[in-house]
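One structure is given below, encoded as structure tokens.
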Amino acid sequence: MIIASERSKRPDDFRPASPEKKAGGSVFCPFCMGNESKTPPEVFALRENGTSPDGPGWRVRVVTNKFPALSPGAPPPKSYKGVFQWMPGVGVHEVIIENPDHDKELSDLETDHIQDVLRVYRERIRAIEENFHYQYVQVFKNKGKEAGASLGHPHSQIVATPIVPKRVKEEVYGSERLFRNNKECIFCRTLREETTLNERLVLRNDRFCVITPFASRSPFEMAIYPLRHSPFFTSEGDTELASLARVLKTVLTRLKALLSDPPFNFILHQAPNPTVSQRAWPGIEQYFHWHMEILPVLTKVAGFEWGTGFYINPVPPESAAAYLREAHK
Ligand SMILES: [Zn+2]
Ligand SMILES: [Zn+2]
Ligand SMILES: [Zn+2]
């Protein structure tokens, strides 16, 4: 990472000159309450008693992606031809419609509703991981056009893949190596040092803390960690998810206030499917520590980044943390 302080920027520099106008109410939205028949059938939902699937009365609703990147199937065989290797695109691609109201972003919801969204993440990951050939389940959210959202209605997505993705492998192998060197989970150690230094700490409560990472890839990047060591998001209880919901609401609200509702991505990283983890990375429960990464989309990935894998970040994470500590509604 290159922290380019001579290009140093303040939050104002990232605010749009005139905030993007939201599309009018006349645009048809398949995710709005009442339009359930316009989506693929419901996979899961939290709904009022007495209401039926694919009808109104839901609070959080999960459907298959209409244009899935991967589709369910049997464990896919690998094929080879010379140096070329491939496998069929077997996996899962679901959309989590976070709430029935088109204009309520995740950060606008009450914390108990955000907790419900997190519970749905947990239940879907657990259910998908029962199929052992779905080696990794990635939960993510694209908010705003520039962050990749094609529909304005607040939603998150789940993609399960038949192999462990490259980025996840990098984190797993990296944390394993550092565990061997330090005899301690690198995430736990980082949290301890960040808390002592207090330079990049955005906030902490009884169970979670939020930091701007030392090597932040983008301005105002944040990471949320459980304070108690835990490799799997799926093993968190409702109390922990309530606490996470409060933290998430706080930081997303601050991000929105500070940067005028910027586009962002967030991702959930946890250890791969337990069946795969036990086989491929015995001991992973000691060194992997689940977390969420929040990446505002404020800079462009261009030639230098593609060529090198470096990221140029014009906002030092220490300044970002200071702004985010101060930002209130
Ligand atoms: Zn809608
Ligand atoms: Zn840890
Ligand atoms: Zn990560």
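One-based numbering, in listed order, for ligands and for the atoms of each.
A salt bridge links Arg61 with Asp54: at least one charged nitrogen is closer than 4.0 Å to a carboxylate oxygen.
Draw a line from the Zn ion (ligand 3) to OE2 of Glu171 and another to ND1 of His269, and the angle between them is 100° (to 10°). Rounding to 10°, one obtains 110° for the angle at the Zn ion (ligand 1) between SG (Cys32) and ND1 (His153).
Restricting Glu293 to its N, O or S atoms, the one at the least distance from the Zn ion (ligand 3) is OE2. No other N/O/S atom of His289 lies as close to the Zn ion (ligand 2) as ND1 does. Closest N/O/S atom of His102 to the Zn ion (ligand 1): ND1. His229 has its closest N, O or S atom to the Zn ion (ligand 2) at the position named ND1.
The aromatic rings of Phe179 and Tyr287 sit tilted, their planes meeting at an angle between 30° and 60°.
Across Lys66 and Lys38, no two heavy atoms sit closer than the pair NZ-O, 3.8 Å.
Counting heavy atoms from C-beta outward, Met87 and Ile163 have side chains that approach closer than 4.5 Å.
Between the His133 side chain and the Pro76 main chain, no donor and acceptor come within less than 3.5 Å of each other.
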